[in-house]
Amino acid sequence: MIDEKKEVKASDEDRFHDRDNKISLEIFTDLDENIKCIEYLFHDCMDVVKREVNICKDAKFRIYGVYVDGLVNRDILENYLLSKVFEYKNLNGEVFDSKITPTKLVMQHFSATFDVKEVEGMDAMANAVLSGDSAIFVEGSKTGLVIATRGWPARGVSEPATESVVRGPRDGFTETIRFNTVLVRRRIRDTKLKIKMVSVGTRSRTDVAIVYVDDIVRPELVETVEKRIDKYVIDAIFDSGYIEQLIEDSWKSPFPQTQATERPDKFAASLLEGKVGILVDNSPFGIIVPATLNAYYQASEDYYQRWQIMTFTRILRYIVSFLSFALPGLYIATLNFQPQMLPTSFAISIAASREGITFSTVMEIIVMELIFELFREAGIRAPGAIGHVIGLVGGIVIGQAAVDANIISPMIIIIIAFTAICTFAIPDYSLTSAFRLIRYLFIAFSAVFGLYGFLIAALLVLTHLSSLESFGIPYLAPYNISDQNDSKDLKDTIFRFPTFMQTTRPIFARHTQRTRLRVKSRINAQDVAPGPNSGVTNGQVKDENNKNGGGE
């Protein structure tokens, strides 16, 4: 029992919360006690609306409703709940002569919506109210009702800002988790698509959805994801980045071990490969696990356009990604230690451009790298129009002024600018951030040991990548384990083979569900090219159908 005359203090509230901040109170059969509990828990919460309604003229039936103003959809609340309540308000009581429980009675007569459920415990009721639902307490019942009335302000579905494409869907994830699950359901209309909801954060109670295709994913992968999410007790989860950092394999590595995406089509395609997706409420980024280095070079547009041009584009991505972290170090190693490797005319041109420069090549590159990082950060934090001006005008003005003042050589400006362009050509921002860090490793080793140092840095990075794993999958897969799937996974790596040749799923999927494309009426997946000259005629298909007992 709660003494309503007692002063409410923070220390008093702790008596009704356990270590994980869950409310330990149960729902009372006495409605007055439930009212005291709600008044106590939501003390000084002016946005919480509480109302008691007496049903029947003799007030023999009482209900108590609670919701948060601004989080509920007022149309649903008024049309599907309040209208029914007032419709039965002046009855004489004949409708209450039923043997069913009071909560069942309310569900049958006073709620015109299907999305209503019976819950136990004050913690579940309070959590529902704070999530945008409406809670109903009924006189004489130890359970309460939760009616789905969520209707908070939300951003509509729009084009992803970080993963734009020329050809392909333009819808992207939003901050509302229910919108995001709908976008995935729209693409995979299969009852085997499972969405498990969990609550993370003792204070925020953030909804987290674990999404997978039941018959394709490995059961141990789903179990591992659930265990890692449930491993920690944290105050709040405000973005999927929190989950990423809590479930990754190696926190010391600068390389991402989970893949974040704003695109529902990319998210759904990963699920059909046997991966697990994680959606977090209030975050427009979904998480895909496991992640491999090869996956960061794959863009959604690769599968919407012809394989020849996209193969060329992928080769270009791998080349520019190498230059994005290796070019400054390679320039230092060549110019300072092995200038004889340069053509004579080119070496003379560089020497002439450096005439009068007081700083060393290493210092020039480090200073310009830091200045460019400053421009990047300022452009992100500044308002949209001003951010573009800072990046464009600031770079041109400061770069030209530094060259005119003989502080920086023109060749260094070219090297840094080309390196920056290379980083923007990589599809995944997380991988770009890792390359920005290891770039300084190459600069340091090249400045001390020359080309030998450059090779040592490359060997260190390659060794580190070889040792990394993401949820049991090697980070360099399928390059280092191609034999496990008869080298078929290599058809979607540096070279993007035609769609009709990609007949099997990657190693992430169950062995029994590796086939994802086959010619109709053929049990075994085979590479059969489309078109009239594919080697398969209508007559052959009919003959096979007859042999199989009249298939499709």
Side-chain angles (χ1 to χ4, degrees), residues 154-165 168-190 192-201 204 206-214 216-217 221-222 224-226 228-230 236-249 256-292 294-304 427-433 470-471 473 506 508-509:
R155 180 172 64 93
V157 177
S158 58
E159 184 176 357
T162 59
E163 298 175 88
S164 58
V165 295
R170 302 304 174 90
D171 54 344
F173 287 140
T174 70
E175 288 77 12
T176 305
I177 191 172
R178 189 52 63 207
F179 290 0
N180 297 339
T181 57
V182 169
L183 292 174
V184 178
R185 281 281 184 196
R186 183 183 175 189
R187 286 168 168 82
I188 305 179
R189 301 176 184 180
D190 189 352
K192 295 176 183 177
L193 175 65
K194 307 301 179 182
I195 302 176
K196 289 186 177 181
M197 299 296 298
V198 296
S199 181
V200 183
S204 65
T206 305
D207 292 327
V208 177
I210 303 174
V211 191
Y212 58 92
V213 180
D214 195 25
I216 297 178
V217 70
L221 176 59
V222 179
T224 302
V225 172
E226 292 176 345
R228 293 191 184 185
I229 292 178
D230 193 48
I237 298 291
F238 297 123
D239 186 77
S240 59
Y242 283 67
I243 300 294
E244 281 187 342
Q245 298 174 63
L246 292 177
I247 66 175
E248 62 184 358
D249 287 70
Q257 293 129 62
T258 61
Q259 192 173 11
T261 180
E262 282 187 280
R263 300 192 61 86
D265 56 336
K266 186 175 183 178
F267 191 90
S270 298
L271 299 182
L272 294 178
E273 290 183 345
K275 297 182 180 181
V276 174
I278 303 172
L279 297 173
V280 181
D281 199 17
N282 303 315
S283 175
F285 286 89
I287 305 173
I288 302 169
V289 294
T292 59
N294 177 62
Y296 294 104
Y297 291 96
Q298 298 172 341
S300 299
E301 197 173 18
D302 294 357
Y303 306 94
Y304 305 146
D428 196 277
Y429 180 79
S430 300
L431 187 63
T432 301
S433 301
S470 177
F471 290 82
I473 301 296
F508 316 113

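Any value given below was found using the heavy atoms of this structure, including those in side chains, with hydrogens, waters and symmetry copies removed.
- Closest approach of Arg228 to Asp249, counting heavy atoms only: NH1-OD1, 3.1 Å.
- Atom CZ of Arg186 has 12 or fewer neighbouring heavy atoms from other residues, nucleotides or ligands inside a 6.0 Å radius.
- For the atom pair CZ of Phe267 and CD1 of Ile288, the computed distance is 6.5 Å after rounding to the nearest 0.5 Å.
- Judged by distance alone, the side chain of Glu262 and the main-chain N or O of Gly172 form no donor-acceptor pair under 3.5 Å.
- When all heavy atoms are compared, the tightest approach of Val213 to Leu271 is CG2-O, 3.9 Å.
- The two residues Gly156 and Thr174 come nearest to each other via the heavy atoms O-CG2, 3.6 Å.
- Here the closest non-hydrogen pair linking Gln259 and Lys266 is NE2-NZ, 3.2 Å.
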- Which is it for Arg263 and Asp265 under the salt bridge (Lys or Arg N to Asp or Glu O under 4.0 Å) test, yes or no, and what are the steps along the way? CA-CA 5 Å; Arg263 300 192 61 86; Asp265 56 336; 3.1 Å; yes

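- By the neighbour-count criterion of 12 heavy atoms within 6.0 Å, atom CZ of Phe179 is sparsely surrounded, having that number or fewer from other residues, nucleotides or ligands.
- Residues Glu159 and Ser164 have side chains that never bring a donor and an acceptor to within less than 3.5 angstrom of each other.
- One finds the CG atom of Leu279 at 9.5 Å from the CG atom of Leu183 (value rounded to the nearest 0.5 Å).
- A distance of 3.5 Å separates CD1 of Ile247 from CD1 of Ile278, quoted to the nearest 0.5 Å.
- Side chains of Ser283 and Asp239: a donor-acceptor N/O pair is present below 3.5 angstrom, by distance only.
- At distances below 3.5 Å, at least one donor-acceptor pair connects side-chain atoms of Gln245 with backbone N or O atoms of Gly241.
- Annotation: the span from Phe471 atom CZ to Thr258 atom OG1 amounts to 7.5 Å, rounded to 0.5 Å.
- Checked by atom type and distance alone, the side chain of Arg185 pairs as donor or acceptor with a backbone atom of Leu193 at under 3.5 Å.
- With rounding to the nearest 0.5 angstrom, the CD1 atom of Ile287 is 10.5 Å from the CD1 atom of Ile210.
- Partner Thr181 forms a side-chain contact (heavy atoms from CB on, under 4.5 Å) with one of Ile195, Thr176, Asp207 and no other, that one being Ile195.
- Contact record, Ile237 with Thr206: O-OG1, 2.7 Å, taken as the closest heavy-atom pair.
- Side chain of Tyr212 to backbone of Leu221: no donor-acceptor contact under 3.5 angstrom is found.
- Within a 6.0 Å radius of CZ in Arg189, no more than 12 heavy atoms belonging to other residues, nucleotides or ligands are found.
- Expressed to the nearest 0.5 Å, how far CG of Asp302 lies from OH of Tyr297 amounts to 13.0 Å.
- Nearest heavy-atom pair, Ile473 versus Pro290, reported as atom, atom and distance to 0.1 Å: CG1-CG, 3.7 Å.
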